[in-house]
There are 2 protein chains.
Amino acid sequence: MSEAVNDQTRERILDSAELLFARKGFDAVSIREITGASKSNLAAVNYHFGSKFNLYMEVFRQRWVPRTRRIRKQFAERLADTPEPRIRDVVNAMVRSFLDGQLTDQERLIHGQLMQREIASPTDALKMVVEEVMRPQQQRLSDLMRPHLPAHVDENRLRLSLLSVIGVTLYFTFARPVVSRLTGQEYDDEFKAVLIDHITTFAIDGMNALNKEYN
Amino acid sequence: MSEAVNDQTRERILDSAELLFARKGFDAVSIREITGASKSNLAAVNYHFGSKFNLYMEVFRQRWVPRTRRIRKQFAERLADTPEPRIRDVVNAMVRSFLDGQLTDQERLIHGQLMQREIASPTDALKMVVEEVMRPQQQRLSDLMRPHLPAHVDENRLRLSLLSVIGVTLYFTFARPVVSRLTGQEYDDEFKAVLIDHITTFAIDGMNALNKEYN
DNA sequence: GTCTATAGCAGGATAGAC
DNA sequence: GTCTATCCTGCTATAGAC
């Protein structure tokens, strides 16, 4: 068995597939395009993954999910610097983990685009990702913030607030074409720094709304 | 000439095309599917619109853009009830115009999905929509809020805040599959009312962050 | 304007040689 | 495991009858 070679082909296919699925969406990408980009044979996708759709699922299982582990690790390290994290520290770490971090800019883009497309046309990949990644992370965030919130804030309201922070952050990531056109700003380092400042401030004050009772 | 019949076919095709493009995306929809759903002939799309892509553009020109006029009209009517709208009134009207209004639930869904897909894979439709709809609306909102803000708030910060309000609102609209799974809530009237309350509160406090200087 | 028929091509999947 | 060749399906677009 030449497993090493096999694995290399498999990995190259996964890399090309992730990039192309992210850029163009599942239906707009052909197996020919993927095998062309990964310099592998047309038959390799079906040999290694069984079908085009199963390759798509493997992209999530072997690329998307592992990447969230790196993101989460960095999130945890940022919080570790502040022994008693307050809400503003958690929010800041959340925002930065999406907009700034060890991921390359292209990786972040791919990551977000894949998720955005999954949301627009959900498949089994979304189900898997929500249960294995998002729900546990939501619980972690909730546990971090809970001690700083008044007792009258129930779990549902807290969840909605967390989702809102994520929502506004994601909007600035994936709606890049709209934001760039409207503001006339490229997403360079300077603009990203402004964005992080802005979103953190906006979101912290939004979270603080939890401290008031609904009227 | 049987223009009336022609127009009916044209309109039926536009309706089916919009629904299908929204649900599945441009590439995942075939002309056969569209003409099947609109009970028209396979050749009708190319006869009336010239090409599949031009039909897609017409969906934006003749369905998407006109719908924003209805949304904007209702937004204006809501504000007309309060002669001197403060920021909280404007924000509330913004949030409601996306989540609640004269549009049917399905119309709102279609509208958002089309935009979401356009953002993920921008075409000329996005360019058109940004210039003809979003930029003017951004300017209107900015003008409404400007009188209530301290002088030190520059136009760029205000724009980012407006985008944030829109961002969090849109997130709860288009990320419905994720939100529903995570919260276990269907998007029924009760949950929508909770969402409107929540988002409005969150966004008002986020906007109020403008009243502080950056630190 | 509407229809049928079909050209012309690209797609996913697979059989079978090596 | 890798490759070529190919099957078969489904697609867009169009020609031409009515």
Side-chain angles (χ1 to χ4, degrees), chain A residues 1-63 114 117-118 121 123-125, chain B residues 1-62 114 117-118 120-121 123-125:
Chain A
M1 296 203 296
S2 46
E3 254 187 13
V5 176
N6 175 9
D7 279 6
Q8 281 173 20
T9 304
R10 225 188 113 94
E11 296 302 307
R12 281 205 319 277
I13 290 176
L14 278 170
D15 287 336
S16 298
E18 181 177 29
L19 181 66
L20 289 167
F21 285 146
R23 272 196 198 146
K24 310 166 78 168
F26 183 81
D27 292 292
V29 177
S30 65
I31 292 183
R32 283 167 172 81
E33 205 175 351
I34 294 168
T35 52
S38 60
K39 300 195 198 315
S40 58
N41 189 270
L42 172 59
V45 163
N46 276 281
Y47 177 77
H48 285 285
F49 300 95
S51 73
K52 183 187 173 188
F53 180 71
N54 206 50
L55 165 59
Y56 179 77
M57 286 296 293
E58 285 301 302
V59 164
F60 275 86
R61 281 192 276 257
Q62 307 203 17
R63 290 287 182 276
L114 281 175
R117 295 189 187 280
E118 221 7 74
S121 298
T123 70
D124 280 351
Chain B
M1 295 204 296
S2 45
E3 256 186 16
V5 176
N6 176 8
D7 279 5
Q8 281 173 20
T9 304
R10 224 188 113 94
E11 296 303 306
R12 280 204 321 278
I13 290 175
L14 278 171
D15 287 336
S16 298
E18 182 177 28
L19 181 66
L20 289 167
F21 284 146
R23 272 197 199 147
K24 310 166 78 167
F26 183 81
D27 292 291
V29 177
S30 65
I31 292 183
R32 282 167 169 78
E33 208 175 348
I34 294 168
T35 51
S38 60
K39 300 195 199 315
S40 58
N41 188 269
L42 172 58
V45 163
N46 277 282
Y47 177 76
H48 285 285
F49 299 94
S51 73
K52 183 188 172 187
F53 180 71
N54 205 51
L55 165 59
Y56 179 78
M57 286 296 294
E58 285 300 304
V59 164
F60 275 86
R61 282 192 275 256
Q62 308 203 16
L114 281 174
R117 295 190 187 281
E118 205 34 52
S121 298
T123 70
D124 281 352

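All of these numbers come straight from a predicted model, not from anything done at the bench. Here is the naming used below: chain letters follow the sequence lines, and residue numbers restart at 1 for every chain.
Asn41(B) has a side-chain polar atom (N or O) that falls below the 4.0 Å cut-off from OP1 or OP2 of dT4(C). Within the 4.0 Å cut-off from OP1 or OP2 of dT2(C), at least one side-chain nitrogen or oxygen of Thr9(B) is found.
The CD1-P distance, from Ile13(A) to dG1(D), rounds to 13 Å in whole Å. Rounded to a whole Å, the CZ atom of Phe49(B) is 18 Å from the C1' atom of dT14(D). Rounded to a whole Å, the CZ atom of Arg12(A) is 14 Å from the P atom of dG1(D).
Crowding of Arg61(B) atom CZ: a count of heavy atoms from other residues, nucleotides or ligands under 6.0 Å exceeding 12.
Remark: side-chain polar atoms of Arg12(A) are paired, donor with acceptor, to backbone N or O of Lys39(A) under 3.5 angstrom. In this structure, Arg117(B) contributes its side chain and Arg23(B) its backbone to a donor-acceptor pair below 3.5 Å.
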- Task: Encode nucleotides 12-18 of chain C as B, S and - characters from 5' to 3', where the letter depends on protein heavy atoms closer than 4.0 Å: B to the base, S only to sugar-phosphate, - to neither.
- Result: BBB----

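A search for side-chain hydrogen bond (donor to acceptor under 3.5 Å, both in side chains) contacts involving Glu18(A) returns Arg67(A), not counting sequence neighbours. With sequence neighbours excluded, the residues forming a side-chain contact (heavy atoms from CB on, under 4.5 Å) with Lys24(A) are Leu20(A), Ala28(A), Val29(A), Glu33(A), listed by chain and number.
Taking OG1 from Thr9(B) and NE2 from His48(B), the interatomic distance works out to 5.0 Å, rounded to the nearest 0.5 Å.
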